[in-house]
Each structure stands twice: as C-alpha cells, then as structure tokens.
Amino acid sequence: MRVTRLFGKTLREVPAEADTISHKLLLRAGMVDQLAAGVYSYLPLGWRVINKIESIVRDEMNQAGGQELCMPVLQPLEMWQQTGRDQAFGEGLFVLTDRRDRRLVLGPTHEEVITYLASRNVQSYRDLPLMLYQLQTKFRDEPRSRGGLIRVREFIMKDLYSFDADDAALDVSYQKMLRAYENIYARCGLTAMMVQADSGAIGGKDSHEFMVLAESGEDEIIYCPSCKYAANVEKAESVKPKAESGAPLPIEEVATPGAATIEEVAKFFKVAPSQTLKAVLYVADGGLIFAVIRGDIEVNEIKLKNLLHATELRLATDAEVKEAGLVKGAASAVGLKGVKIIADDSITSGTNFIAGGNKPEMHLKNVNYPRDFKADIMGNIAKSKAGEGCPQCSTALAAIRGIEVGHIFKLGTAFSKVLGANYIDEQGVSKPIIMGCYGIGIGRLLAAAIEQNHDDKGIIWPMPIAPYQIYLCPLYREGTKVAETAEKLYADLTAAGLEVLFDDRQESPGVKFNDADLLGIPVRITVSPRTLEKNSVEVKLRREKQASLMSLEEALIKIKELVAKG
RNA sequence: CGGGGCGUAGCGCAGUUUGGUUUAGCGCGCAGCGUUUGGGACGCUGAGGUCGGUGGUUCAAAUCCACUCGCCCCGACCA
C-alpha cells in the first residue's frame, strides 16, 4: 500500500475528546473515527488489525473444535422475555419496533438464539459435544461509553457456545477454550492474566476473565503475589482482618453529637473502625435491604446481589431510608422490624461493637451478635482489598487494574431448560444440554494491545496483528537512485508475500519517521542516498533503538525471519 | 441518572467575563509555485466558517437570556 493512496490521515495533535492512551493513538494514527458516543468507524489501517485479530481467533476456535456460523443481530423481543433477560439487561437493551408493531432487539449477545438453534438441531447424545461460534456485531446501550474502544455501544465480539451432555464433558470443553484463549492472547503478542470472575445471576459455577493489565482498565484485580490466586474484585475472597474481642458486656446507649460516619463514630469512641458496625441500605428488586458489615470493610454489591438472587440492586435514597423509620448515620439492626437484614460474617469476628442507636445522634455500645439482633441472611458480602490475606495461602493480597479482554463461563442448563434445548441420552432419557459460553471483544482487544504496546512516539504493534509488517521509507533526492530502488524493493517485498506500507510521499525525513513510529509498523526499511552509497538499506525495528545497515538480500532474509517469528 | 467540563475551518486553540474595535483570528494540516531532504524544513500565494441548534433581548449577538442537541471525564451502572 502506498501512503499517498492510503485513506486516513495521521494527526499531529490529539483530538480533544481522547483521554485514554489507546484512544489518542488510534485517532492520531487515523485508524478509527468516531460517529457518536461509543460508535466508531474503523478506517483501513484499523480494520486490517481487526481482521488479523479475527483470523487468529478463528484459527484457535477452529483448532479447538469450533464451527463458525452467523446469527442475526435482529432478534424478537419475546425470546428475551422468555429467558427474563429483557429485565436483566434492562435499559442496556436496544429495542426497536417494526412496521407491524413487533418489538425487536438488537442483539447484545446470542445465548437465546444459539440455544434456539441447538434445540432444533441437537437431538441425541451422539450430536454432542458441540461448539458453535461467530464473529458478530453486538449492541449494548451502555450507561456510559468510555476510553475510545474500551467500552462502546456497538462492537464486534467472538462468541462461542459449547454444548455437552454432562458436567464432566463441560469441564473438557471449558478447558479447551481456556487453552485456546491463552493461545489467542499469546499469539496477539499480549500478556493476559486469567482471573476468577463473577458469573452473575445466571451463570453456573466456574467463570474466568482474561485481563490485560493497564492503568486505564475498568476492572480491579485482586491477586496473590505468592500463589496463583487472582480474581476480579467483584469475586475476590480474602481472609478478613481480625477484630478485638472480649467478654460480651451489657448494651449501652450513648449520645454522640455530630458523629455519623464510621470515621466520626470510631473517633468519638476512640476505637478502631473494626470495632464498629456499618449499616448500608439498599433496595433490591423493590424491597428495602439492611446490610450490616464491620466498619472497616466495604460492601461488595455483586456479592450482595448474588446472595439475594436479585436482578436489581441499588443504594436506597434518603427518602426511602426515612420512610422505613431509619435514621441516617445512626441506623441499627438492633430492634429493627419489618426490614430484611443481611449480615456479613465479619460481624461474628469481634465483640462489643459500636452500632447505630436508631435515634438521631445516638449510638449503642457493646452490641453483640447474635445476642442483640438476628440476620435474615448471613454470608460473605465483603469487598476484598489489597493487604488482606490470600484465601489460599494467607499472603498479603495486592491489587492492580486491568482491561477485560475475554470472559468464559459455564452456563449449565440455565438457557437450555427455559428454551427446551434437550437431548436424548444413552438410556433414552431426555435431558437439558449443558452449556458454556466464551466471549472476546475484538475491538477492545485491539485497544488493549495498544495500551500494552506503545511508547511516547506511538503504537508498537506486535508483528502478528500489525496492519502492515514493513514500513518502506525512501528519503528521496533528485539525481539519485532512491526512487528507483524503493520502487523495486516495494515490488520485491510484496512479491515475497510481505505486507508493505510504502511511504512514497515527498515529505521530509522527520515527518516520515514520526509517522512510521506513530503507526507502529514493526519493521522500518529506509532507502536513502546515504544507504545506497554503501549498497545497502537500513533496517530498524520499532521496538528497538538501533538501526542496522544491510544488503537488500540480507534484509529480505532477516525480515522474513522476523515475520515468521511473530 | 448525579457531579464536572466542553462545543468557533479537517485537527489544536484564542476571542465570550465587560455586546460594536473582526469582512470572526492564530498555529497545524490542505491546494498552487519555488527552494529544501536522516527525526515533525522554508518563502510566497490561496481555499476552507449556518461561531452545535432553535427562539428571544438589542440599533447591533460568537459574546446576554431561555430552551434544546451533542461530546468527554468522574461516579452510579455494566452476564
């Protein structure tokens, strides 16, 4: 490709809307163009990267036994009502109405459709195991798109679904996919960390996410520096710090003027926050929930939501709190009636807590569980944090941010039961198919690749996903053979099956070199009067500082090696 | 949805506070000509704008007022 013909211009200045590194570089390199919030066009260079990632993904999916198909974006809303996921997705679902007033959904994902397909085509255990996948555009009306391609409303996703006869077979499919995913990231030149993840209200037991570590990532990962434990903070477990305990003392009411927050209350009583009980009020599917947790620990809302089997969970408003007869800043489970109490098991570690008095500016001393109140549900609703103990080896956990570039999980029979996807087993008994689902956001993977591979000059594409392998950069001067040599080299390299971006512009060296760096093409070949004097060309790798001179033949061999190596 | 910021040429910005000095300006980019060519060269000439939109106030609006649309960031949210 000749740069003079290439659609998409590089920009010297960063468009004002970009904040994240990958977003800035994608715009500056002319790889994407924004149409609306979370809606992007891919320009030719960006699209080439997408295609390369897709072909790696396809290859791995096929090798793992997947069969590619393509399902519709347009899906009947009824299908979503049948599984109840119209509610689960809520406003995130793009819904439209056709000319006959039928309601259709722009697919945010394809479990419903694939399960419907399976229900029509799988009849016997002989049809299993089965893996089907597609690369399809998904639509999600995200509350907020962000970070360029990191979170968008229209995006390409590879989604594979596995169908198995039993849990053991599902484990096999799951392991195959897990390995395929590891291969994909490695082949794309990315370092991804596999972490345990929350599988949500629908999911079965196992779920893992693949994270590319980046400051701009939306997810927080809790991991153990010593053993292999790593989990999304949504899912992470930890050994909770111990709280002081002693013999239970009689409960006592104390006036606490001006003390409302845990910090203020702890200070007032001159105790550690771990000696207090925190009350957090939520509304889950319309009902008020009183969550009690030790003062030094935060509530993990995902865990709480799962514990309650709720589809919707939010903080209660001040008005709702007041209406329930509770006092903000002094709410207490002691003597509370008519409100569901969920307690974190941290409140059983420790004694004689300070808790709210259910009266303005009043707290209770020496509250003990279960002597003074009783929880309707006791469980683990604590948010783990760095410094707490690893659940496997007790080493202090660490936290880091990451971009979720893949998510795999075991669905079990959640969809097959509802949509009637059954098979007949060896004994002639009809059973629901056991399913798994495995997704990769292609555009997000591209963005993550940039987040992980760049410097202050621009992108540094890993060879396998680079839009072009070689940036051919002639520094023209009249009366020399630069133009002629470059043209010949362009033809030869292309004939050798290499992908060349040929900078045939009449630009100064600085402009060309800077664009080559910005675009991040892995190999740069410079032809100039200087190199021709020595009957050679200059080869420089984007990743390295040093360039080296070599003959045309040597260059061709070396570059072929580099491309093959990836 | 709550909080914050922004909208003037393809991109980056000034001008808005205090209406008139501007036929709306600067840099980059773009077009033409010439000189240049190893890390974002230079000169000359030129094209490019419903100042996000609508309505209002005024002799006069990019500038003041109202409404509205859009974009970004933080949060909420997000299988």
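Letters A, B, ... are given to chains in the order of the sequence lines, protein chains preceding strands, and every chain is numbered from 1. Any value given below was found using the heavy atoms of this structure, including those in side chains, with hydrogens, waters and symmetry copies removed.
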Pull out every protein N or O sitting under 3.5 Å from an N or O of nucleotides 73-78 of chain B, one pair per line with the distance.
{"residue": "B:C73", "atom": "OP1", "partner": "A:G147", "partner atom": "N", "Å": "3.0"}
{"residue": "B:C74", "atom": "OP2", "partner": "A:R144", "partner atom": "NH1", "Å": "3.1"}
{"residue": "B:C74", "atom": "OP2", "partner": "A:R144", "partner atom": "NH2", "Å": "2.6"}
{"residue": "B:C77", "atom": "OP1", "partner": "A:E301", "partner atom": "OE1", "Å": "2.9"}
{"residue": "B:C78", "atom": "OP1", "partner": "A:K305", "partner atom": "NZ", "Å": "3.4"}
{"residue": "B:C78", "atom": "O2", "partner": "A:R151", "partner atom": "NH1", "Å": "3.2"}
{"residue": "B:C78", "atom": "O2", "partner": "A:R151", "partner atom": "NH2", "Å": "2.9"}

Between the protein and nucleotides 44-48 of chain B, list the N/O to N/O atom pairs that are separated by less than 3.5 angstrom.
none

Quiz item: Mapping A:R530 and A:H110 onto RNA chain B by nearest heavy atom, which one lands closer to the 5' end?
Solution: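 Final value for this comparison: A:R530.
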Exercise. Any salt bridge (Lys or Arg N to Asp or Glu O under 4.0 Å) involving residues 11-32 of chain A? Give me the pairs, sequence neighbours left out, ordered by first then second residue.
Key: none
Practice problem: Would you list the pairs meeting salt bridge (Lys or Arg N to Asp or Glu O under 4.0 Å) in which at least one residue belongs to residues 466-479 of chain A, sequence neighbours left out? | Solution: none
Exercise. Just do the side-chain hydrogen bond (donor to acceptor under 3.5 Å, both in side chains) check on A:Q75 and A:W80 with the steps written out, would you?
Key: CA-CA 9 Å; A:Q75 306 170 7; A:W80 288 79; 2.9 Å; yes
Self-check item: Salt bridge A:E54-A:K158, side-chain N to carboxylate O under 4.0 Å
Solution: no
Exercise. Classify the nucleic acid contact of A:A197 as base, sugar-phosphate or nothing, counting any heavy atom under 4.0 Å across all strands shown.
Key: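 A:A197: no heavy atom of the nucleic acid under 4.0 Å.
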Quiz item: Under a 4.0 Å heavy-atom cut-off, which of residues 30-47 of chain A touch RNA chain B?
Solution: A:Q34, A:A36, A:A37
Quiz item: Tell me, do A:M31 and A:L43 make a side-chain contact under 4.5 Å, heavy atoms counted?
Solution: no
Quiz item: Does the base of B:A79 carry an N or O that pairs as donor and acceptor with the side chain of A:T109 under 3.5 Å?
Solution: yes
Quiz item: Could one point to a donor on the side chain of A:R28 or the base of B:G40 with an acceptor on the other under 3.5 Å away?
Solution: yes
Quiz prompt | Donor-acceptor pair between A:D33 and A:Y40 side chains, under 3.5 angstrom | solution = no
Quiz prompt | Distance, rounded to the nearest Å, where A:L11 contributes CG and B:C13 contributes C1' | solution =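 About 15 Å, once rounded to whole Å.
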Practice problem: Determine, for nucleotides 25-35 of chain B in 5'-to-3' order, which nucleotides have protein heavy atoms under 4.0 Å from the base (write B), from only the sugar-phosphate (write S), or from neither (write -). | Solution: --BSS------
Quiz prompt | B:A61 - base-pair partner by Watson-Crick or wobble geometry, distances under 3.5 Å | solution =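 B:A61 is paired with nothing.
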